[in-house]
Protein chains: 2
Amino acid sequence: MRQGGEKLAENLSVDIYERLSLRILKLEYAPGHRLTEEGLCAEFQVSRSPVREALNMLVQRGLVKKNPRQNYAVRELELKEIRDAYHVRLVLELEVVSLLCKQELDHAFLDRLEARWTELRDGLPDLFIHAAEEDEHFHHALAEATGNSVLAKSLAAIDSQIHFVRLSDITNLERLAKTCVDHLEIINAVRRRDLKNALIAISRNIEWAESNVEAALKAAKGRQIGKKTRSPD
Amino acid sequence: MRQGGEKLAENLSVDIYERLSLRILKLEYAPGHRLTEEGLCAEFQVSRSPVREALNMLVQRGLVKKNPRQNYAVRELELKEIRDAYHVRLVLELEVVSLLCKQELDHAFLDRLEARWTELRDGLPDLFIHAAEEDEHFHHALAEATGNSVLAKSLAAIDSQIHFVRLSDITNLERLAKTCVDHLEIINAVRRRDLKNALIAISRNIEWAESNVEAALKAAKGRQIGKKTRSPD
DNA sequence: ACAATGAAAATTGTATACAATATCGGCGTT
DNA sequence: AACGCCGATATTGTATACAATTTTCATTGT
C-alpha cells in the first residue's frame, strides 16, 4: 500500500533496516562492503541503538554477514544463490497450488483476485506502477489461502531474497502482460481444481521470471557502487 | 557439540536468546505469556541491551510476538502449526533427495554418513545420547549436500520450529532404531540413485516422526508452567 | 455509584557513556 | 633492515540515562 519512497518511520530501527535492505538487494554496495555501526550512525544521523538493531535484522535475514573478527560486511549475492532461491520457490509454489486444488476453496477470495488481475491486465501500462508489490501480493495471497502459515512464511522468506529482481522487472511490459495471463490462468485452474494446468501455469510463471534474473542481476552489478570503504585510502 | 547445560556465553544476547528459545520450544511458558525487558533483565541480571537483542531475535524467528509499542508475548504454539511445519519439511526433504539422486555424488560424504549411522545403530542405547542433534545433523548434511544453500537454510528454519519435538523423542528406543534404519536406507537409496525408494524412505522417516508429535506436544503442554505473570495476583 | 479525567507508573524507543578486545602502526632493539 | 613489542585507535558488547507513549488507577464530578 505504501506509495513511493516516503518513509513514515514508525521506528528508526525498522526504517534503517528497510533502507539498508533495499540498498543491498539492489546491489548498490560492492560485494563484501564493510559496514560499521558508527559509520551508519553518521550517515543516518541516529544513535547506535537503532543501527545495531537494523544490522542484527539484516544478519538474521542473511543479507549481512558478521565476521569472526567482529565486524559487519554486506553479503555477496551470488548468481547461483538466486537460482537456488527460485528453485526452492518453485518447489514451494507447486505445493501451494497442489494444496489449493485439493482443499475447499474460498470462492470470494478467488473472485477478488481474478477481478484484480483482470483489471490490471486491461489497464496495463498505467495501472502497473506497483507491479512488484502486486506480484508479491498475488503469490503471498495464494500461499496464505492454503491455510499453511509455515508454508506461507517460508515462501515469504525466499521472496525477500529475490525482491530486487522483481523491482528490476517492472519496466518490462511484455513481462507484465505475461504475468497477468499466467496469474489469471492459475486462478482459474485452481478454481476448476485442474491441478495439471495449475502446475503448468505456475511453473511457467516462475521459470519465466527466473529467466530474467541473470540479465537483471548482471545489469545491477554493473551499476554497483564501489565503496569498499567510505573513504578508499 | 555443546554438552550439557553449561553456558559458555560468548555474548549475552545469544546466550539469553538460546535460553529463552529453549524455554519457549519446550513450552515452559503458558501460551501468550507476557515478557518484559525489565523483567528479563532482573531474571538474568543483565542490562536491557542484550535482553532486547535476544527478544528481537525471538521475534524474527517467530517465537515471540511483539505488539507494537506495547509488549512482548510468547507466541502460542498450535498443533496445526507443527503439522504445517512437518508438511513443508516433507516437501523440502523430498526435493533434497530428488536432487541428490540426480546430481553428482560425493561418495566420501555418503561413506562417512553411513559409517556414522551404522555405528549408532549397532551401539544403540548408549551412543544415542545426542539423538536429536544427530538427527538434525543428518538431515541438514543431506540438504547441504545438494549444493542449494537456500534449500538448506529454508529447512533449517523449519527445523528450528520443531526442535523441541526431537528433544522429546530421544527417550523412545523404538523410534531411534527406526530412525537408524530409515537413515541408512536413505543413504543407500541415494547412493544407488534409486529415487523411488529414497522418496519412500524419507517420507516414512518424516511422517513417522510427525506421528509422534501430537503426543509429545500434549505431554509438553501438560507440563506447562503457569506463569502468565511472574507473580500471579 | 458510575463515568470521565488526569496523574503516576510501567514499558518500550532512542541516545550516550563505558568496557573489552582486536587491529594497526610506530618505535626501539638486534 | 627486520622483527617484535607496546600503545593508540577503531569497533563492537554492555550498561545506563532520557524520551515518548501507553496503561493503570485513583480522584472527582454528576
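Keep in mind that what you see is a predicted model, and the values were worked out from it rather than measured.
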[atom1] of [X] versus [atom2] of [N]: gap in Å, rounded?
X: Y72(B); N: dT22(D); atom1: OH; atom2: P; answer: 16 Å
X: L12(A); N: dA20(D); atom1: CG; atom2: C1'; answer: 12 Å
X: K66(A); N: dA22(C); atom1: NZ; atom2: P; answer: 15 Å
X: N71(B); N: dT23(D); atom1: CG; atom2: P; answer: 9 Å
X: E38(A); N: dA17(C); atom1: CD; atom2: P; answer: 12 Å
X: Q45(B); N: dT14(D); atom1: CD; atom2: P; answer: 15 Å
X: N11(B); N: dT21(C); atom1: CG; atom2: P; answer: 13 Å
X: N67(B); N: dT21(D); atom1: CG; atom2: C1'; answer: 15 Å

Let's go through E53(A) and R48(A) carefully: what are the C-alpha distance in whole Å and the side-chain angles of both, what is the deciding distance for salt bridge (Lys or Arg N to Asp or Glu O under 4.0 Å) to 0.1 Å, and is it a yes or a no? CA-CA 8 Å; E53(A) 295 198 344; R48(A) 276 181 57 211; over 6 Å; no
Do [X] and [Y] have side-chain atoms, one donor and one acceptor, less than 3.5 Å apart?
X: H140(B); Y: E144(B); value: yes
X: H183(B); Y: E114(B); value: no
X: Y72(B); Y: R34(B); value: no
X: H139(A); Y: R89(A); value: yes

Charged N to carboxylate O under 4.0 angstrom, E43(A) versus R23(A)? yes
What pairs of nitrogen or oxygen atoms, one from the protein and one from nucleotides 7-10 of chain D, lie under 3.5 Å apart?
none

Where along residues 47-63 of chain B does a heavy atom fall under 4.0 Å from DNA chain C?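 Result for residues 47-63 of chain B: R48(B), R52(B), sorted by number.
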Counting the atoms with a prime plus P, OP1 and OP2 as sugar-phosphate, which does L35(A) contact under 4.0 Å by heavy atoms, base, sugar-phosphate, or nothing?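 Sugar-phosphate only.
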Is it true that a side-chain atom of K66(A) and a backbone atom of A73(A) form a donor plus acceptor pair closer than 3.5 Å? no
Please list, one pair per line, the donor and acceptor atoms closer than 3.5 Å that link side chains of residues 151-162 of chain A to other protein atoms, with sequence neighbours excluded.
from	atom 1	to	atom 2	distance (Å)
S154(A)	OG	V150(A)	O	2.9
S160(A)	OG	R61(A)	NE	3.3
S160(A)	OG	A157(A)	O	2.7

Can you tell me if the side-chain N/O atoms of T36(B) get under 4.0 Å from OP1 or OP2 in dA10(C)?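 Answer is no, no contact under 4.0 Å.
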Kindly compute the distance separating CE (M57(B)) from CZ (R52(B)), expressed to the nearest 0.5 Å.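 Going from CE on M57(B) over to CZ on R52(B), the span is 12.5 Å.
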